[in-house]
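Starting off with a structure, shown below.
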Amino acid sequence: MNIAQIETALQKILKPFNKESFIYDLLLAYGQPKASIKRLQEGGLNLSKTAGEIIWKKKLFFKPVEGEDLHVLIDTIKADDKVTKHDPRFIIVTDFQTLLAIDRKTSDTLDIPILEIAKHFDFFLPWAGMEKAQHQNENPADVKAAERMAKLYDEIKKDNPTKTPEEVHNLNVFLSRLLFCFFAEDTGIFEKVQFTNAISSHTQTDGSDLQAYLDKLFVVMNTENSKRKNLPHYLDAFPYVNGGLFRNKHQAPAFTRRSRQALIDSGQLEWKDINPDIFGSMIQAVITPEHRGGLGMHYTSVPNIMKVIEPLFLNELNEAFESAKGNNKALNQLLQRIWNIKLFDPACGSGNFLIIAYKELRRLEMRIFKALSSLAFSNINLGNFYGIELDDFAHEIATLSLWLAEHQMNQEFFKEFGRTKPALPLKETGNIVQGNATRVDWEKVCPKIEGDEIYILGNPPYYGARVQDSEQKTDVRNAYNNEKIHKDADYISCWFIQAAEFIENANSRFAFVSTNSICQGDHVAILWPRIFKKSVEIFFAYEAFKWSNNAKDEAGVTCIIVGLRNIQSLPKFIYKNQLKIQVSNINGYLANAKNIIVEKRADPISPRPKMVMGSQARDGGFLILSPLEKEQIESMYPAASVLFRKLVGSEEFINGIERWCIWISDNDLKIAESIPPIQTRIKSVYQFRISSKAKTTNGYSAIPHKFAQRAHKNTGSIIIPAVSSERRDYIPFGFMDEKTIISNRAFTIHEQAPYIFAFISSKLHMVWVKATAGRLETRINYSSGICYNNFPMPMLSDNQKESLAVFVFKILEERESHSEKTLAQLYDPDKMPPGLKEAHHQLDLAVERCYRSKPFESDEERLEYLFKLYEQMIEEEKTKGTLFEVEKRPTKKKK
DNA sequence: TATCCGACAGGAA
DNA sequence: TTCCTGTCGGATA
């Protein structure tokens with residue numbers, strides 16, 4: 001059973017409506033088996049002893065009554081043990097006028113005239129095996145409307161294939177006009193159900209004349225009443241709408257019986273309940289087929305939009321209002337200011353940010369009117385709202401949604417003040433432009449006139465350097481003026497660069513929701529030097545949070561919010577763990593510290609063994625084996641033993657997982673080729689590499705028996721897992737023997753130097769790593785170029801090196817005494833064994849003594865110290881090209 | 001030859 | 001479903 005069938009069945013119940021069979025018809029409509037219904041009807045399945053009542057285990061409690069208070073009744077039933085022990089999913093009571101129902105699983109309730117049951121078909125969908133849990137926090141009206149539009153869209157599309165961009169645009173415009181009409185007839189812009197009724201009574205049921213009818217109707221809506229001639233009443237009854245929505249001639253699509261019916265069905269929804277802010281995104285997802293799987297996965301939730309709007313401008317306006325209260329002159333000035341504010345979303349989608357911002361401004365305006373006892377009308381002009389959107393349909397919807405928002409706010413205004421402007425004709429909102437924001441001149445979209453107060457906001461698209469298509473690559477290259485550095489930049493950085501340019505030296509600020517990548521690791525050095533070259537600063541930031549909205553498939557990404565303004569001596573804030581913390585500066589890492597940027601470097605900043613990335617198989621998985629696979633081959637071909645090596649990456653090392661790889665030295669190639677299962681795997685590697693789209697990988701098809709990149713040396717080594725949970729106080733490192741292959745998800749130092757182990761294991765290093773490393777989501781993503789090579793280390797005497805070894809061995813000893821546990825368990829911050837913790841603490845102190853005699857008191861102090869050292873080392877390298885000796889530095893300062 | 005990261009990915013609870 | 005935590009390999013220097 002699909003939704004459409006259920007709806008049709010429900011409509012059939014109503015005509016003619018039969019009290020006796022109602023409940024059975026209802027169950028049948030949701031696809032319950034006829035045989036069960038029959039048994040229920042005959043009493044076999046009915047667990048209730050009371051006449052008239054029906055209890056169907058797990059499914060239903062039903063009680064028809066006359067003249068009783070239904071609400072009281074249903075509350076009693078809800079609490080009745082005799083009912084609940086059968087665990088019915090739904091409780092339904094009705095006097096055949098009103099129907100009340102409770103969904104006992106979700107606690108949703110239904111309270112409707114029984115004849116409207118078809119409208120609320122979704123309530124009982126769990127009977128048909130369809131749960132509504134995924135929409136629980138979503139406004140059901142939005143979801144329903146989006147689903148209905150999807151159905152209508154599919155029907156129309158069937159008979160009106162769109163091939164050219166013009167045809168697509170045509171259909172997009174048509175749909176936004178329809179949406180407007182549906183909304184208008186439910187919210188008092190038109191007469192109640194005027195549009196839907198007109199269609200159902202004035203067009204043929206086979207849909208044949210609907211196209212012509214709509215074309216005529218839309219012309220009427222674009223014609224002022226005074227200019228209309230000889231129109232039949234059913235057309236003339238429609239008001240003049242204008243506002244650009246019906247201005248251009250776009251032919252309506254052709255209709256069939258089915259698509260006409262789908263249109264009428266859509267009209268029958270209660271459109272007045274929809275939220276244009278979120279609804280727009282859902283509709284957009286429905287219409288853009290590639291997004292349909294993840295219905296609205298990229299729309300920004302209202303709470304997150306508020307996180308942008310409030311610090312960007314709303315808090316300030318609210319404060320201004322509070323302090324102006326009682327001072328009419330100041331209040332009027334504030335009104336003037338609000339009326340002139342421009343809002344600009346250069347990636348506006350279906351307009352969520354603009355709509356929420358618009359609504360908030362209208363609400364503030366209402367509060368001011370109240371404080372002034374003003375009799376004025378709203379003067380916040382949709383013309384001050386600007387947007388750029390790549391997707392044509394979204395951009396149509398954005399314009400439409402702004403109108404809907406305006407109308408909803410006018411209604412709110414009417415409730416409060418008893419007066420409002422007429423809804424029609426619509427005013428111009430010509431400012432949502434379709435285009436690629438990275439290529440459009442923003443000032444052409446949102447003109448910057450002397451004195452204008454402009455806020456730029458939004459949630460531009462994020463694409464890492466490896467997932468951009470060639471167009472996007474070009475966009476990025478242009479944003480970075482062709483500088484080489486652009487090649488690792490995220491797509492969103494284009495918006496940051498353009499916005500920074502836009503606001504510089506203007507009365508303007510911007511804030512975006514962004515991927516957290518741009519404020520981490522490698523990317524900081526790519527983007528932020530360019531931004532800070534201008535006279536702008538970060539004035540607020542939200543620390544990383546996981547992306548979430550109410551869509552079925554949320555996008556998998558971790559976000560931040562960053563706000564920038566021209567340099568000013570006003571407070572700055574970091575929002576962290578629900579706290580708002582005032583800080584003196586916010587740097588490119590979103591930390592309260594100087595604008596230092598740690599660039600990756602190929603070699604260590606002071607003498608120390610090189611750290612390199614492990615060996616990368618790039619093999620399609622064919623060179624890598626589970627212990628079982630390895631044993632199977634070995635048991636048949638004992639000679640294969642020499643070809644296997646243990647393979648250790650982050651996961652294997654931290655979680656103690658055993659994994660093997662085929663590691664064939666040139667001498668062993670003959671053996672390998674003599675073993676059929678190995679031979680097969682080598683062939684598979686060849687296939688994988690030759691068919692890869694990466695040119696470098698194709699090249700490695702010449703050596704299919706080997707890892708593509710072989711960092712391994714036959715020496716003992718230190719392993720540095722690349723990715724590690726941020727919850728741990730220490731990233732666990734370890735020594736590896738010369739046989740073990742370290743994979744590309746870990747780094748390695750080809751030397752078992754205890755003093756290096758000591759330094760990288762120290763708290764000082766951890767603090768440094770947490771500050772500078774890239775992240776996988778919020779995990780630590782260690783890198784040699786950033787974390788290790790830049791880490792300021794003092795020069796050490798041999799004695800010092802040796803004395804550090806003692807502390808390292810103590811740590812290994814402590815780990816060994818819990819050898820049954822994995823490192824993940826040992827380094828779980830909540831369960832770390834005291835002995836291990838103490839061993840690490842002792843090592844921390846020993847390492848810190850190598851830097852200075854005075855102990856550190858906090859991680860902040862450690863970090864500040866390290867950054868100062870880092871700066872000195874960089875400075876020294878630049879000026880003298882010599883290496884820095886840490887021991888002497890602090891004493892020099894004292895003198 | 002060596003990297004750094006992913007509007008993620010995949011197993012555990 | 002929610003929580004937790006790290007693979008694999010592309011693209012480019």
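Note that this is a predicted model, so its numbers are computed, not measured. Throughout, a chain's letter reflects where its sequence line sits, starting with A, and its residues are numbered from 1.
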When the distance from OH of A/Tyr462 to P of B/dC8 is rounded to whole Å, what number comes out?
11 Å

Give the B/S/- string for nucleotides 2-8 of chain C, one per nucleotide from 5' to 3', where a protein heavy atom under 4.0 Å of the base yields B, of only the sugar-phosphate yields S, and otherwise -.
---BBBB

My understanding is that only residues two or more places apart in sequence, or in another chain, count here; which of them pass salt bridge (Lys or Arg N to Asp or Glu O under 4.0 Å) with A/Glu777?
A/Lys546

When the C1' atoms of B/dC4 and B/dC8 are considered, how many whole Å apart are they?
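It comes out at 15 Å once rounded to the nearest Å.
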
May I ask you to verify if any side-chain N or O of A/Thr515 is less than 4.0 angstrom from the OP1 or OP2 atom of B/dC8?
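Indeed not, no polar side-chain atom of A/Thr515 lies that close.
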
Is the distance from OP1 or OP2 of C/dA11 to the nearest side-chain N or O of A/Lys695 less than 4.0 Å?
no

Residues A/Asp490, A/Arg466: salt bridge by 4.0 Å N-O rule:
no

Using the test side chain to side chain contact (heavy atoms under 4.5 Å, CB included), find all partners of A/Ala489 that sit at least two apart in sequence or belong to another chain.
A/Val476, A/Tyr480, A/Ser493, A/His523, A/Ile526

DNA chain B: 5'-proximal contact among A/Val467 and A/Ala602 (nearest heavy atom):
A/Ala602

State which residues pass salt bridge (Lys or Arg N to Asp or Glu O under 4.0 Å) with A/Glu658; sequence neighbours excluded, sorted by chain then number.
none

Interatomic distance, A/Met613 CE vs C/dG10 C1' [rounded to whole Å]:
12 Å

Regarding the side chain of A/Ser692, the nearest nucleotide among C/dG10, C/dT12, B/dC4 is C/dG10

Residue whose closest nucleotide on DNA chain B lies nearer the 5' end, A/Gln616 versus A/Gly464:
A/Gln616

Provide the distance between the two C1' atoms, one in B/dA7 and one in C/dT12, to the nearest whole Å.
23 Å

Between atom CG in A/Asp522 and atom C1' in C/dA13, what is the gap in whole Å?
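For the pair A/Asp522 CG and C/dA13 C1', the rounded distance is 12 Å.
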
Under the side chain to side chain contact (heavy atoms under 4.5 Å, CB included) rule, collect the residues that match up with A/Glu751, sequence neighbours excluded.
A/Pro609, A/Ile749, A/Ala753

Aromatic ring proximity, centroids under 6.0 angstrom, A/Tyr589 and A/Trp528
no

Atom CH2 of A/Trp547 to atom C1' of B/dC8: distance rounded to whole Å?
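That distance rounds to 15 Å.
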
Whole angstrom is fine here: how far is it from NZ in A/Lys487 over to C1' in B/dC5?
17 Å

For A/Tyr686, all residues meeting ring-ring contact (aromatic ring centres under 6.0 Å, His included), sequence neighbours excluded
none

Select base, sugar-phosphate, or nothing to describe what A/Pro461 touches, counting heavy atoms under 4.0 Å on all strands.
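Counting heavy atoms under 4.0 Å across all strands, the contact made by A/Pro461 includes a base.
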
Sequence neighbours excluded, the answer for side-chain hydrogen bond (donor to acceptor under 3.5 Å, both in side chains) partners of A/Tyr542 is none

Whole-Å distance between C/dA11 P and A/Tyr463 OH?
16 Å

Length of the line joining A/Asp603:CG and C/dA13:C1', which is rounded to integer Å:
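Going from CG in A/Asp603 over to C1' in C/dA13 covers 14 Å.
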
For DNA chain B, report each stem as range with range, ordered by first number, or say none. Use Watson-Crick or G-U wobble pairs under 3.5 Å, at least 3 in a row.
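B:1-6 with C:8-13, B:8-13 with C:1-6 - these are the stems of 3 or more pairs that involve DNA chain B.
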
A/Asp469: which residues meet the salt bridge (Lys or Arg N to Asp or Glu O under 4.0 Å) condition with it, sequence neighbours left out?
none

Just jot down the side chain to side chain contact (heavy atoms under 4.5 Å, CB included) partners of A/Val648, sequence neighbours excluded, or say none.
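Checked A/Val648 against side chain to side chain contact (heavy atoms under 4.5 Å, CB included); matches are A/Glu652, A/Phe653, A/Ile719, A/Met736, A/Thr740.
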
Between A/His765 and A/Phe791, is the gap from one ring center to the other below 6.0 Å?
yes

Give, ordered by number, those residues of residues 698-716 of chain A having at least one heavy-atom distance below 4.0 Å to an atom of DNA chain C; if nothing qualifies, reply none.
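The stretch gives none, as no residue of it lies under 4.0 Å from the strand.
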
Integer-rounded Å distance: C/dA13 P and A/Asp488 CG
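Spelled out: CG on A/Asp488 to P on C/dA13 is 8 Å.
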
With sequence neighbours left out, what residues match A/Lys646 under salt bridge (Lys or Arg N to Asp or Glu O under 4.0 Å)?
none

When we call it a touch if two heavy atoms are under 4.0 Å apart, what does A/Lys610 touch: a base, just sugar-phosphate, or nothing?
nothing

